[in-house]
Protein chains: 2
Amino acid sequence: MKTGRKSGGAVSLATIAEAANVSISTVSRIVNGQTHRASAQTAERVRQAIEELGYQPNQIGRALKQGKTRVVAMLTANLNNPVMSTIASATEAALRDIGYVMTLCDTHDREDLQDEYLQAMRAQAVQGYILVTNIRSPGLAEIVARKEPVVFACRRNPYKPGAFVGIDNLQAGAAAADYLWSHGCREPAVVFPANGSAVTEERVAGFCARMSALGVPASRITKAAAPGNFHLEVGYAAARTLPDGAPWPKGMLCVSDQIAYGVYRCARERNLRIPEDCLIVSIDGSELNSWIAPWLKSIQVPYRDFGLPIVEQLQTIWNGGEPGEVILPFSVD
Amino acid sequence: MKTGRKSGGAVSLATIAEAANVSISTVSRIVNGQTHRASAQTAERVRQAIEELGYQPNQIGRALKQGKTRVVAMLTANLNNPVMSTIASATEAALRDIGYVMTLCDTHDREDLQDEYLQAMRAQAVQGYILVTNIRSPGLAEIVARKEPVVFACRRNPYKPGAFVGIDNLQAGAAAADYLWSHGCREPAVVFPANGSAVTEERVAGFCARMSALGVPASRITKAAAPGNFHLEVGYAAARTLPDGAPWPKGMLCVSDQIAYGVYRCARERNLRIPEDCLIVSIDGSELNSWIAPWLKSIQVPYRDFGLPIVEQLQTIWNGGEPGEVILPFSVD
DNA sequence: CTGAAAGCGCTTACAG
DNA sequence: CTGAAAGCGCTTACAG
């Protein structure tokens, strides 16, 4: 009886087959749970060999044959933003539950990096793409045109309607307006990125529309904006456009938590007390706020709950279905 | 002349070979840059076909043949911790620069999840593992025993010496002691996880040793600890063990930024002013501090610089070398 | 119940 | 300079 194992070689189906004195086909079937297609004896012998030799199926071989890698790529604009890392870890857990692995790429909001990763992931033959806060890019356009399975989170597919998980940003902006209004604020400000995405634009629009409905015309809303991709710096720079010396508006919407943090820094530099001098509302609801940003009122977006619907959308696409939009509820308190 | 492409099939080497009327071998060589091994004409014809048909090499086929996937797995305890996400994004960039892809897994500091991911990554035939803040687990012990390429960051390999990237935690603790001492603190406190890792233990030990050398005996150092994995909550719970009503120590080392945030919450609840009532020093130096935690003095660990040495260690291992420890400098201001 | 064979996409001696 | 062939580890009709 041979040792059943080439020295140095990894443990493969062939190793097990030899050890258990059966064909590769038989081992394969048993490994894949088609245990009833073999005699109890054979199955047992194979199981023993697997146990003894510590066999684990090589997914590369499997992937090549089946054309399915069980790998999904997530591209995100900035891992250091808690919004992204929360979505990432939630999605990863949901994928793991269905036996998939997630590869995570940080595009730094750069078109060239987004395309580079898209291409690298394609070369890895991933089975799907998840774009969290995408930007337009030739590579993305191509992926969409090729009808690859792709789900968008936070920001919609910029090229055509399709799978999306997010919140109603207009409503979130409106909720911020309600909150400030109910706290007596009649001349609010709104802080946002000058060259912002649809997301921030909608939040601003929803805010202004609701304020208007409440009797506060757009002319009485101070707009503070600044260019840039990184919201911390955008918030800071935007706040600095408010006249120094003059009092700030009594209430303010910052379109993201990070923007609010940036504004806070500026407020500190100007010796303003938050929230006494200016009530700041933002949208995101990062977990960290309750620990170190108690001065911030942040509308909670359930990013942790994005994972499941994202994966469900992916499955819908894989099954040939037509994915739609999943709009999750935010909460104000 | 045929169309050169099976309908529905993906573009493979064979597609290109047929289109350019050469053998698969030839296309393969050209794709891999062995362009001098073909005539200029042939090379040109192949290049054209590749261009026209949009061919991209399938890494799965390549991986199966070569036994190299160009994928590396990173396992991290908690993606939501900025420390981890910073290391992750830095490492990913460094890997990308050498043509590798990184898969990121969040173990939530759980032994079972760590092992599950280790196994999944092995099945994906990754070429190496990077463990950021590992914990002991049977699967990890096995990986180490099998001598798989593995690099540890922050926490050392618990099973034997080897590749490691981190800082000198004893010295960092000592630096914190110096800082508090130089600010007049003679009866400090130290806050840490009760069942902490070697990292936090060393920081505490370094702190106490230096304090002792400065003439502050261990008996005059208040120890506040609490169990748990999540430092925010650990810090909060530990701070609550300090007697309410009584004044806090004038200075305090929190072994991580997150611990400090937890302590801060408790301080707020007790109407203490930070840093006026208690000067808090921590170790990590997260970027966010300057924005929303100006009250915190944090010793900076250059997590962003971990990426390169981590990748270099991996390369050393791949090349059969003996990796050592890379100890990076922290900075106090 | 079981096995031989083809083939997924690629690389790599080897032969010409 | 170029191609035929073997083989990486797996799955899957197909035949017995």
Side-chain angles (χ1 to χ4, degrees), chain A residues 4-6 8-47 49-50 53-71 122-127, chain B residues 4-6 8-47 49-50 53-71 122-127:
Chain A
R5 186 168 179 182
K6 285 179 299 182
V11 184
S12 68
L13 276 186
T15 322
I16 303 300
E18 195 177 4
N21 234 302
V22 292
S23 74
I24 291 179
S25 321
T26 300
V27 180
S28 174
R29 283 189 212 103
I30 291 172
V31 165
N32 289 299
Q34 302 196 28
T35 175
H36 58 284
R37 300 200 39 193
S39 74
Q41 286 178 36
T42 307
E44 187 46 32
R45 209 146 25 100
V46 169
R47 256 192 292 273
I50 288 174
L53 296 164
Y55 170 72
Q56 283 192 262
N58 178 324
Q59 298 291 338
I60 303 297
R62 170 181 252 253
L64 187 56
K65 175 65 188 169
Q66 298 194 319
K68 293 182 194 313
T69 51
R70 309 214 130 227
V71 176
R122 184 186 171 193
Q124 296 293 336
V126 299
Q127 279 186 259
Chain B
R5 187 169 179 183
K6 283 178 299 183
V11 184
S12 68
L13 277 186
T15 322
I16 303 300
E18 194 178 3
N21 233 302
V22 291
S23 74
I24 290 178
S25 321
T26 300
V27 180
S28 173
R29 283 188 212 104
I30 291 171
V31 165
N32 289 298
Q34 303 195 30
T35 175
H36 58 284
R37 300 201 40 195
S39 74
Q41 285 178 37
T42 308
E44 187 47 31
R45 207 144 27 97
V46 170
R47 255 192 292 273
I50 288 174
L53 296 163
Y55 170 73
Q56 281 192 263
N58 178 326
Q59 297 292 338
I60 304 297
R62 169 181 251 254
L64 186 55
K65 176 66 189 168
Q66 299 194 318
K68 294 182 194 310
T69 52
R70 309 214 131 226
V71 176
R122 184 186 170 193
Q124 296 292 336
V126 298
Q127 281 187 256

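As the structure is a prediction and not an experimental result, all values here were calculated from the model.
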Less than 4.0 angstrom between a side-chain N/O of B:T42 and OP1 or OP2 of D:dC1, yes or no?
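Answer is no, no contact under 4.0 Å.
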Phosphate oxygens OP1/OP2 of C:dT2: is one of them under 4.0 Å from a side-chain N or O of A:T26?
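Checking A:T26 against C:dT2: no side-chain N or O falls below 4.0 Å of OP1 or OP2.
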Pair A:T35-A:R47, side-chain contact (heavy atoms from CB on, under 4.5 Å): steps then yes or no
CA-CA 10 Å; A:T35 175; A:R47 256 192 292 273; 4.0 Å; yes
With sequence neighbours excluded, what pairs up with A:I30 under the side chain to side chain contact (heavy atoms under 4.5 Å, CB included) test?
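Per chain and number, A:I30 pairs via side chain to side chain contact (heavy atoms under 4.5 Å, CB included) with A:T26, A:A38, A:A43, A:V46.
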Closest to the A:S39 side chain, choosing from D:dG9, D:dC1, C:dT2
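When the side chain of A:S39 is considered, C:dT2 is the closest of D:dG9, D:dC1, C:dT2.
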Any donor-acceptor N or O pair under 3.5 Å, side chains A:R122, B:Q56
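Distance-only check passes for A:R122 and B:Q56.
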Any side-chain donor paired with an acceptor under 3.5 Å for A:S28 and A:S25?
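Distance-only check fails for A:S28 and A:S25.
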Work out which heavy atom in B:V31 is nearest to a heavy atom in B:Y55; give both atom names and the distance.
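Nearest pair, atom of B:V31 first, then B:Y55: CG2-CE2, 3.9 Å.
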Considering all heavy atoms of both residues, which atom of B:T15 and which atom of B:A10 are nearest to each other, and what is their separation?
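What the structure gives for the nearest pair is OG1-O, 3.6 Å.
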Can you tell me which stems involve DNA chain C, if a stem is defined as three or more consecutive Watson-Crick or G-U wobble pairs, both distances under 3.5 Å?
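Runs of three or more consecutive pairs: C:1-3 with D:14-16, C:5-12 with D:5-12, C:14-16 with D:1-3.
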[X] [atom1] to [N] [atom2], straight-line distance once rounded to whole Å:
X: B:N21; N: D:dC1; atom1: CG; atom2: C1'; answer: 16 Å
X: A:I60; N: C:dG7; atom1: CD1; atom2: P; answer: 22 Å
X: A:R70; N: D:dG9; atom1: CZ; atom2: P; answer: 21 Å
X: B:I30; N: D:dG3; atom1: CD1; atom2: P; answer: 10 Å
X: B:R122; N: D:dG9; atom1: CZ; atom2: P; answer: 13 Å

Under 3.5 Å donor-acceptor, B:N32 side chain and B:Q34 backbone:
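Not confirmed, B:N32 side chain does not pair with B:Q34 backbone.
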Expected output: side-chain A:Q127 to main-chain A:K68 donor-acceptor under 3.5 Å
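The answer is no, because no donor-acceptor pair under 3.5 Å joins these two groups.
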Going 5' to 3' through nucleotides 10-16 of chain D, assign each nucleotide B (protein heavy atom under 4.0 Å from a base atom), S (under 4.0 Å only from sugar-phosphate atoms) or - (no protein heavy atom that close).
BBBB---
Do A:Q124 and A:T69 make a side-chain contact, defined as non-hydrogen atoms from C-beta onward lying under 4.5 Å apart?
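They are not in side-chain contact.
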